[in-house]
2 protein chains.
Amino acid sequence: MPASSTRARLVAAAFRLFTARGFEATTVDDIAAEAGVGRTTFFRSFPSKEAVVFPDHAPILGAVDARLASASRDSADLALLEASRIVLDNYLADGDVARARYALTTSVPALRATESANQRAYQQLFRDHIRRWITPVDGELADDLLAEVLANAVVTAHNHVLRRWLRGTSDDPRRDLADAIGAVTSRIGLDAAAHEDTQVVVLRSRRSFDDVLPEVRRLLAD
Amino acid sequence: MPASSTRARLVAAAFRLFTARGFEATTVDDIAAEAGVGRTTFFRSFPSKEAVVFPDHAPILGAVDARLASASRDSADLALLEASRIVLDNYLADGDVARARYALTTSVPALRATESANQRAYQQLFRDHIRRWITPVDGELADDLLAEVLANAVVTAHNHVLRRWLRGTSDDPRRDLADAIGAVTSRIGLDAAAHEDTQVVVLRSRRSFDDVLPEVRRLLAD
DNA sequence: GTCCTGGGTGGTACGGAGTACCGTACTAGG
DNA sequence: CCTAGTACGGTACTCCGTACCACCCAGGAC
């Protein structure tokens, strides 16, 4: 019997017991007994009782890292979308486990904490790659902050879409993700940092947008 | 001897031992003995060993909540700045403890997890108030996401400034905070959602900004 | 066949966190 | 002096996580 099967049995046993009795009321001995193995074997497969709730964290994190590493500055926006999509697809792959995990993380404080730690890992991953795409231009204070805010926004957008789907509010989460990531990158994207000569001023006018735009274009032409 | 003094002695004892021996190598018995109290008293003052590292979390969270609750939509930007400034000022008040805490959270995984959980509390606080300021307009998908992203960005900006100061890279953290929050709200601020008739187009020109702006103003005037 | 080696496993024992419970001292107020 | 309330210390318990050891079993060397 290969080791992966033992891991899978432990995960299945843990989710069965957690959803039935609750997280705190289930001991590691219970999980091991339910899976038909010893307590020591559990801790060989998972570093803690919390970790069994997020069994695919490390491999997904690695896949996201690989996707981001393969991108350059020009393909940044697409990389952000597809990297977050890797995570989303993994949740969509088996929705029952994802929903069970959602129910657990929303009710058990200890699991919320480890989930926060996991999301922090994603944020740092995105941040580092975004910073790598930015720094060729310059290394100002604002750039480090921009990288962090953008990374945070991407993760937040993903979580937002995922949560909506888990609650049944969304029909097409992949499309929602594309919209959300697009909305985020269009506001906090890298382009604004790239063109430092860009200046932003908000003006209001009673004139219609379609009327004004051609005139402004003409004004800036020469 | 009032109860607050016991708490303070426990915090001081904990930081002494944590910085000297490390977090894991220090037991709760050690902290209690160092503070001259029993082990039971420790758990009466703090719910866990980790919590003693963030003794002012709850009151600061309350103060931030109060500041945000007193703001309306029009004073939103100022409220975001001042609310985050409450947190910053509390760290600046005794920098030694803040630096010791920073050294601990960066090296001890368990403390990073609880810090993430604490920051999550701030994010949810900001998110709820921002959502309260937005929802009068409409309740679209994008608005919930905007509230979450903006809340996240504010917390990120604060953490960014705080971390720079803790590392000694910054001289005037209050000014940096104002800049960072300003940079964040100008990009992700509520105004864009408020004025739905606003449209954004990026145009490039060889002409200088100062030349163009008055002409554009004149163009939009009538 | 016997011997040896190494990976996966189960069992036992231990330290330490967190909880429940009880007894005690000190104080305030009648 | 008595009583009620409060803060404190001590003991015992469960459970997580780790260290250590003994076991089984496959497979190769001779």
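A, B, ... follow the sequence lines: proteins, then strands. Residue 1 opens every chain. If you're wondering where the values come from, they're calculated on a predicted model, not measured in any experiment.
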Asker: One pair to check against ring-ring contact (aromatic ring centres under 6.0 Å, His included): B:Phe46 and B:Phe42. What are the steps and the verdict?
Answerer: CA-CA 6 Å; B:Phe46 301 96; B:Phe42 177 89; 5.7 Å; yes
Asker: Could B:Lys49 and B:Phe18 be counted as a cation-pi pair, given that NZ or CZ must be under 6.0 Å from the ring centre and within 45° of the axis?
Answerer: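 No cation-pi geometry.
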Asker: Write down the protein N/O and nucleotide N/O pairs, taken from nucleotides 22-25 of chain D, whose separation is under 3.5 Å; answer none if there are no such pairs.
Answerer:
none

Asker: Should the side chain of B:Arg39 and the base of C:dT19 be counted as holding a donor-acceptor pair, with the cut-off at 3.5 Å?
Answerer: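 Present.
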Asker: Answer yes if the side chains of A:Asp176 and A:His160 hold a donor-acceptor pair under 3.5 Å, and no otherwise.
Answerer: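 There is no such pair (donor and acceptor under 3.5 Å, judged by atom type) between the side chains of A:Asp176 and A:His160.
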Asker: I need the CG-C1' distance between B:Asp29 and C:dC14, as an integer number of Å.
Answerer: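 To the nearest whole Å, that distance equals 15 Å.
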Asker: Where the side chain of A:Thr27 is defined as all heavy atoms beyond and including C-beta, which of D:dG17, C:dT9, D:dC15 is the nearest nucleotide?
Answerer: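 Nearest listed nucleotide: D:dC15.
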Asker: Could you give the CZ-to-P distance, from B:Arg7 to D:dC8, as a whole number of Å?
Answerer: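 Going from B:Arg7 (CZ) to D:dC8 (P), I get 12 Å.
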Asker: What integer distance in Å separates A:Phe42:CZ from D:dC15:P?
Answerer: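 Rounding to the nearest Å, CZ of A:Phe42 and P of D:dC15 are 15 Å apart.
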Asker: Within the sub-3.5 Å range, which N or O atoms of nucleotides 26-28 of chain C have a protein N or O partner, and how far apart are they?
Answerer:
none

Asker: If we only count heavy atoms from C-beta on, is the A:Val28 to A:Phe43 side-chain gap below 4.5 Å?
Answerer: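 SC-SC contact between A:Val28 and A:Phe43 confirmed.
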Asker: Is B:Arg21 paired with B:Asp30 through a side-chain N to carboxylate O contact shorter than 4.0 Å?
Answerer: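 Salt bridge between B:Asp30 and B:Arg21, a charged N being under 4.0 Å from a carboxylate O: yes.
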Asker: Counting only distance, no hydrogens or angles, is the base of D:dG10 paired donor-acceptor with the side chain of B:Thr40 under 3.5 Å?
Answerer: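 Present.
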Asker: Between A:Thr156 and A:Asn159, do the side chains contain an N or O donor and an N or O acceptor separated by less than 3.5 Å?
Answerer: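 Short answer, no.
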Asker: CZ of A:Phe46 versus C1' of D:dT18: gap in Å, rounded?
Answerer: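 Rounding to the nearest Å, CZ of A:Phe46 and C1' of D:dT18 are 18 Å apart.
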Asker: Are side-chain heavy atoms of B:Leu177 and B:Ser84 found at a separation under 4.5 Å?
Answerer: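 Sidechains of B:Ser84 and B:Leu177: in contact.
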Asker: Taking NZ, NE, NH1 and NH2 as the nitrogens, is one of them in B:Arg131 or B:Asp128 under 4.0 Å from a carboxylate oxygen of the other?
Answerer: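 Between B:Asp128 and B:Arg131 there is a salt bridge, with a charged N closer than 4.0 Å to a carboxylate O.
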Asker: How many Å lie between NZ on A:Lys49 and P on D:dT14, as a whole number?
Answerer: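 Those two atoms, NZ and P, are 15 Å apart.
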Asker: Give me the atom names and distance for the closest heavy-atom approach of B:Arg112 to B:Thr105.
Answerer: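 For B:Arg112 and B:Thr105, the tightest heavy-atom pair comes out as CG-O, 2.6 Å.
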Asker: Closer to the 5' end of DNA chain D via nearest nucleotide, is it A:Phe23 or B:Thr41?
Answerer: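 The answer here is B:Thr41.
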Asker: Classify B:Glu24 by what it touches in the nucleic acid, base, sugar-phosphate, or nothing, heavy-atom distance under 4.0 Å.
Answerer: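 Answer is nothing: B:Glu24 stays at 4.0 Å or more from every strand.
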Asker: Take atom CZ of B:Phe43 and atom P of D:dA7, then tell me their distance rounded to the nearest Å.
Answerer: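 My rounded result for the distance is 19 Å.
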Asker: Send over the distance from B:Asp30 CG to C:dA17 C1', rounded to a whole Å.
Answerer: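 Rounding to the nearest Å, CG of B:Asp30 and C1' of C:dA17 are 13 Å apart.
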